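Each chain gets a letter, A, B and so on, in the order its sequence line appears, and its residues count up from 1. Given the structure is predicted, the values throughout are model-derived calculations rather than measurements.
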Amino acid sequence: MADESRSGRSDKSDSQPGNAAGADRWPREEARRLAERVAAYEPARPVIFQSGFGPSGLPHLGTMAEILRPSFVRKAFHLIELSRPSRLIVFIDDLDGLRKVPENVPNRADFDRYLGLPVSKIPDPFGCCASFADHMIGQLRKFLAPVEVEYELMRSAEMYSSGRFDEGLKLILDKHAEVTAIIAPTLREENRAGWSPFMPICPNCGQVVERTVSAYHTERASIEFICEKSAGGRSGCGFRGEQSVLGGMAKVQWKVDWALRWYVLKVDYELYGKDLTDSARLSGQILRALGAQPPLGFPFEMFLDEEGRKVSKSVGRGVTVEQWTRYAPIEVLKFFLLRNPHRARKLFLKAIPQYVDEYLDALCEYAAAPEEKKRESPLEYVIQKSTPKRFNSELSFGFITSLVPALGTADSNVIVSYLLKRDPNFEGEENTASMVAVLVECAINYYKDFVEPTKQPYSFSDVEREQLKTLATWLNDHPNANAEEIEKRIYDLGREYYPDKPGKIFPLVYHAILQQVRGPRLGAHIAEFRLRAVKRLQEAASVGIA
RNA sequence: GAGCCGGUAGCUCAGGUGGUAGAGCAUGUGACUUUUAAUCACAGGGUCCCGGGUUCAAGUCCCGGCCGGCUCACCA
């Protein structure tokens, strides 16, 4: 461990394993519950984890949480059940009718003609994919690529039309009265009468039709309906007739749909946001009515902003994944999502440096731990093939950030080479070096966006200006002075002006050349960045403000 | 209003089965007799939201209240 390169992060080498150790126990606890549930399954039957994605909106931080967190449980599960296979299904609701025109599509006005149509049937407004749904799925894939989570996509439209849902659909048709009896009490009175678990897809206009089922024929697996009003709020085409509920000619309502997926795919585990608590309860009841057991899982808490208010995408508060990767390595986000999901988390950009440093600490500790300890580490859930597995440095995010103004550059190469001088440890150590490279990029962004705008100008007194001027003049008169000589001269100056505490001169000089109170050894720093330093000293001396 | 979830230091958070309230950061003071992007030592900080109850013992379990959030839509 390098003694000379401590730069901010705490040294916890002899304290107990990570402070966050307790908070990331939940995947193992969930895994234990899951192991109990599946204990009686035949050995080859896989455990099914599921997560959903609505392709009418862009993937966001919540999407990431919804997919990553079950993957953590899955990982924990395989730690205790070594041989049983498992799958993580990301289920795409692309047979859903478009309810409203998304904000981000071009020619929005033109787009309302597609309201009510399944999103898998709507052409891609961006013109690059087979359908709108395909486009959004592409976005999702791109979005998930950096986190190396293993998942398989399953598309609702395909499941319905291929007939894989038929058996479940027949069962729901058989039990439609029971299903209705579960949902109806939760509806407003005026809506109960027309409710049906089924939404036929009109053979004439293609819309997902709501609320018009007038008869159920279980023996023919069909329903009668009138195409009056679609899921998108548009009026129907008036088609009237009888139609099968199988093979993609109808879909079921949301809570029923969730139960259907659980039923057909034999889902064992699913996590969802707390806003879906009640839906999950009702879907569970429906599933029981179909004769199966609801999956395990729990509602997770939402993210809060700095003031503790709920994060709302539409209000523009909160943090996006794009922002996150601008300021922090992606592993740090995974590390963050590993924390206890039962508790609402504050997530705001200014807290990111802290999360980064906590992660770097954990990574140091992880690399130092013996193999058997590593297996218990939360980092096992976080580290990926493509990301650093160790971090042999005491460098901190805060320190690197402070280098941006100190070196007066946003050139990452300059910063990295400076870091190498300070902590030669990571040269040739690929993991650490690549982490440093990412950190430098993030630090530059963070400094520009958050630190620089808050810098307070410092006003120098006349005496202070005199001192700065003296130093600047001396530097000009001694162009060949080395670091040691410069250092000595500054201290002499301090002795001259502050006989009781000569060190008081230093904050002054830091303010002038770096706009901060502390900094590097000044002799060496000025010798290295002489021109810039002299210029700033002169400016500060003449203007009186830095 | 009802149901569910939360409330621990200035900040971010730990506190599996009850057993003397913790960490990191931030803050303050001092030390290092040329400075320190340090290090070291010390300190301040808390009614664990409030009030009851169970218990020898409650941050932890129970009840009630307060505050915040979510849900209570044929949306997902």
Base-pairing assignment for [N] (Watson-Crick or G-U wobble, both under 3.5 Å):
| N | value |
| --- | --- |
| B:rU27 | B:rA43 |
| B:rU54 | none |
| B:rG1 | B:rC72 |
| B:rA38 | none |
| B:rG59 | none |
| B:rA9 | none |

What's the closest nucleotide to the [X] side chain, out of [options]?
| X | options | answer |
| --- | --- | --- |
| A:Asp275 | B:rU36, B:rG15, B:rA76 | B:rA76 |
| A:Glu487 | B:rA73, B:rU34, B:rA37 | B:rU34 |
| A:Asn340 | B:rA14, B:rA76, B:rC13 | B:rA14 |
| A:Gln354 | B:rU12, B:rA76, B:rU34 | B:rU12 |
| A:Lys488 | B:rU12, B:rU34, B:rC75 | B:rU34 |
| A:Arg99 | B:rG69, B:rC75, B:rU34 | B:rC75 |
| A:Met199 | B:rA76, B:rU12, B:rU36 | B:rA76 |
| A:Asp93 | B:rA37, B:rA76, B:rU12 | B:rA76 |

Distance flag, aromatic centroids of A:Phe397 and A:Tyr355, threshold under 6.0 Å = no

Compute the centroid of each ring, for A:Phe132 and then for A:Phe111, and state whether the two points are separated by less than 6.0 Å.
-> yes

Answer yes or no: does a side-chain N or O of [X] lie under 4.0 Å from OP1 or OP2 of [N]?
| X | N | value |
| --- | --- | --- |
| A:Lys274 | B:rC5 | no |
| A:Arg345 | B:rA14 | yes |
| A:Arg339 | B:rA14 | no |
| A:Arg343 | B:rA14 | yes |

Grab the [atom1]-[atom2] distance between [X] and [N] for me, whole Å please.
| X | N | atom1 | atom2 | value |
| --- | --- | --- | --- | --- |
| A:Trp258 | B:rC75 | CH2 | P | 13 Å |
| A:His342 | B:rA14 | NE2 | C1' | 16 Å |
| A:Tyr359 | B:rU12 | OH | C1' | 19 Å |
| A:Tyr510 | B:rA37 | OH | P | 6 Å |
| A:Lys346 | B:rC5 | NZ | C1' | 16 Å |
| A:Asp278 | B:rC4 | CG | P | 11 Å |
| A:Leu282 | B:rG3 | CG | C1' | 12 Å |
| A:Met302 | B:rA76 | CE | C1' | 13 Å |

Rounded distance in Å between the [atom1] positions of [N] and [M]:
| N | M | atom1 | value |
| --- | --- | --- | --- |
| B:rG6 | B:rC13 | C1' | 14 Å |
| B:rG53 | B:rU60 | C1' | 15 Å |
| B:rA38 | B:rG22 | P | 28 Å |
| B:rG68 | B:rU17 | P | 30 Å |
| B:rG44 | B:rG28 | P | 16 Å |
| B:rA26 | B:rA58 | C1' | 31 Å |
| B:rG19 | B:rG10 | P | 24 Å |
| B:rG7 | B:rC40 | P | 34 Å |

Crowded around A:Glu189 CD? As in, over 12 foreign heavy atoms under 6.0 Å?
-> no

Between A:Tyr366 and A:Glu380, does a side-chain hydrogen bond (donor to acceptor under 3.5 Å, both in side chains) hold up when you go through it step by step?
-> CA-CA 9 Å; A:Tyr366 175 79; A:Glu380 285 280 314; 2.6 Å; yes

For [X], report the nucleic acid contact type (base, sugar-phosphate, nothing); a contact means any heavy atom under 4.0 Å.
| X | value |
| --- | --- |
| A:Ile490 | nothing |
| A:Arg188 | sugar-phosphate |
| A:Asp257 | nothing |
| A:Ser196 | nothing |

Classify the side-chain pair A:Tyr272/A:Ser51 by whether it contains a donor and acceptor separated by less than 3.5 Å.
-> no

Begin with the C-alpha distance, continue with both residues' side-chain angles, and end with the deciding distance and a verdict on salt bridge (charged side-chain N to carboxylate O under 4.0 Å, His left out) for A:Glu30 and A:Arg69.
-> CA-CA 11 Å; A:Glu30 291 296 287; A:Arg69 293 212 262 228; over 6 Å; no

Go through A:Glu301 and A:Lys274 one step at a time and tell me if the salt bridge (charged side-chain N to carboxylate O under 4.0 Å, His left out) criterion holds.
-> CA-CA 6 Å; A:Glu301 275 288 344; A:Lys274 76 187 284 191; 3.1 Å; yes

Hey, mind stepping through A:Glu210 and A:Lys251 against salt bridge (charged side-chain N to carboxylate O under 4.0 Å, His left out) and telling me if it holds?
-> CA-CA 10 Å; A:Glu210 286 188 327; A:Lys251 75 181 296 295; over 6 Å; no

